[in-house]
Q: 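Can you read through this structure? Questions will come right after.
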Amino acid sequence: MAFESFSSAKKHRVYAPIITGLAILLAIFLARPAFGAYSDAQTDLASAQKTLETTQAELAKFQSQQAKIASGSELSAQINKINKPFSELGIMQAIFLNNFTRPNSLSNSSPVVVTNVSLDAGSELPNGIYFAKANVTITAGNIQSVVDYLTYLTTNSPYAFTLNDINLPIDTLMQGQNQETITVPVTLGIYYYPEKK
Amino acid sequence: MSVLKMFTESSTNAAIAATTDAKAKIEAFKKDRQILIASLLADNSLTPSINLKSLVNDFNRAAQKASVRFQGFSVKDDVITTNVISFMAPNGGTDAVEGIFNMMKIYSQDNAQANFRLEPILSISGTPQSRTTPVSFKIIPVKTEAQAPQKTATSSNS
């Protein structure tokens, strides 16, 4: 009797690990496809979240620009200068008729005289904006008057003028002493953005 | 495991939907003329206007600071070109070229002053009493409002 129960216990010690091992293998076999599918889903989620982050960052930049424009700031004024068609009349008026070309009874400096203007409507740039040119010849009583006039055109006038090409007879040793009448040719650039038809 | 997979797929679909919505908003912004111009100003695609008055003032100050004479002022494609003339110091000194070297140290690549940076000088001529060289200064674009980060308003819940 005692011998028989001893043999039975020995059998359990042999069979139990084998059955346990088989059960584990079966579990792995059954669970592996499900785990693989979950792992793939996790990879897809990570990729989708990364794409979302990048897209939201790009959107945030545009929203930031919109907010700056809406605040009615200097940026808004710069944009309004560019966001208009090429108007020969408007551009010529800006160049010929302003406080620097009119005689100013309050100032001792003589007005700037624009002796020649020629416009070129230019063409569209790869970024969609158009770029025109204006060749202007200016005569003034001194260099400072020319500098003040051109500074006005490129900062406070209604059009987006840029300084493309200018040659001034400045000599830092003669600063403030050179009061001779000078004539200066200048090439101005003009950015504009017409409505597309 | 299949329940976890379902939740994960649901989150993925939500991210994809949010991305599609954001892309639609971006496309709408790209069609806005004002936004387009603002973006071009922000990434320096448009040449910024030079403030000629402050540029000339800086130019005159640069000559004084370096104790040299600038003769001529030409601006083209964001580069100022001029001739530098340096004289030997009244109290002696070895060579007038020292004035040009002084200017190079002040306005060199690593030590940009004012709104411009001195381009490399490759030739100098003249005598020990008076040296001259043509130089170019690259104008450094001033950061525009379009390029400045947007200040965010802070609010507190009281």
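No hydrogens, no waters, no symmetry mates; every other heavy atom, side chains included, goes into these values. Chain identifiers are assigned alphabetically (A, B, ...) following the order of the sequence lines, protein sequences preceding nucleic acid strands; residue numbering begins at 1 within each chain.
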Q: What part of B:Leu36 gets within 4.5 angstrom of chain A, counting heavy atoms only: side chain, backbone, both, or neither?
A: side chain
Q: Would B:Thr8 and A:Asp44 count as a side chain to side chain contact (heavy atoms under 4.5 Å, CB included) if you check the C-alpha gap in whole Å, the side-chain angles of each, and the deciding distance to 0.1 Å?
A: CA-CA 9 Å; B:Thr8 306; A:Asp44 290 342; over 6 Å; no
Q: Looking only at heavy atoms, which of residues 79-90 of chain A get nearer than 4.5 Å to chain B?
A: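 Interface residues of residues 79-90 of chain A: A:Ile79, A:Asn80, A:Ile82, A:Asn83.
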Q: Which one wins on heavy-atom pair count under 4.5 Å against chain B: A:Leu168, A:Ile129, A:Asn164?
A: A:Leu168
Q: Below 4.5 Å from any heavy atom of chain A, which atoms of B:Val75 appear? Answer side chain, backbone, both or neither.
A: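 Both the backbone and the side chain of B:Val75 come within 4.5 Å of chain A.
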Q: Determine the option with the most heavy-atom pairs under 4.5 angstrom with chain A, choosing from B:Val56, B:Ile35, B:Ile16.
A: B:Ile35
Q: Between B:Gly72, B:Ala14, B:Ala63, B:Ala62, which has the largest tally of heavy atom pairs under 4.5 Å with chain A?
A: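 Highest number of pairs under 4.5 Å: B:Gly72.
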Q: Name the region of A:Leu52, side chain, backbone, both or neither, that has any atom closer than 4.5 Å to a heavy atom of chain B.
A: both
Q: Of the listed residues (B:Gln64, B:Arg33, B:Lys25, B:Lys53), which shares the most heavy-atom pairs with chain A below a 4.5 Å separation?
A: B:Arg33
Q: Verify side chain to side chain contact (heavy atoms under 4.5 Å, CB included) between B:Asn51 and A:Thr151, making sure each step is shown before the conclusion.
A: CA-CA 6 Å; B:Asn51 187 312; A:Thr151 303; 3.5 Å; yes
Q: Might you point out which heavy atoms bring B:Lys5 and A:Ala41 nearest each other, and give the distance in Å?
A: CG-CB, 4.2 Å
Q: Could you list the residues that satisfy side chain to side chain donor-acceptor pair (under 3.5 Å) with A:Gln93, not counting sequence neighbours?
A: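 Once residues adjacent in sequence are excluded, A:Gln93 has no partner under the side chain to side chain donor-acceptor pair (under 3.5 Å) criterion.
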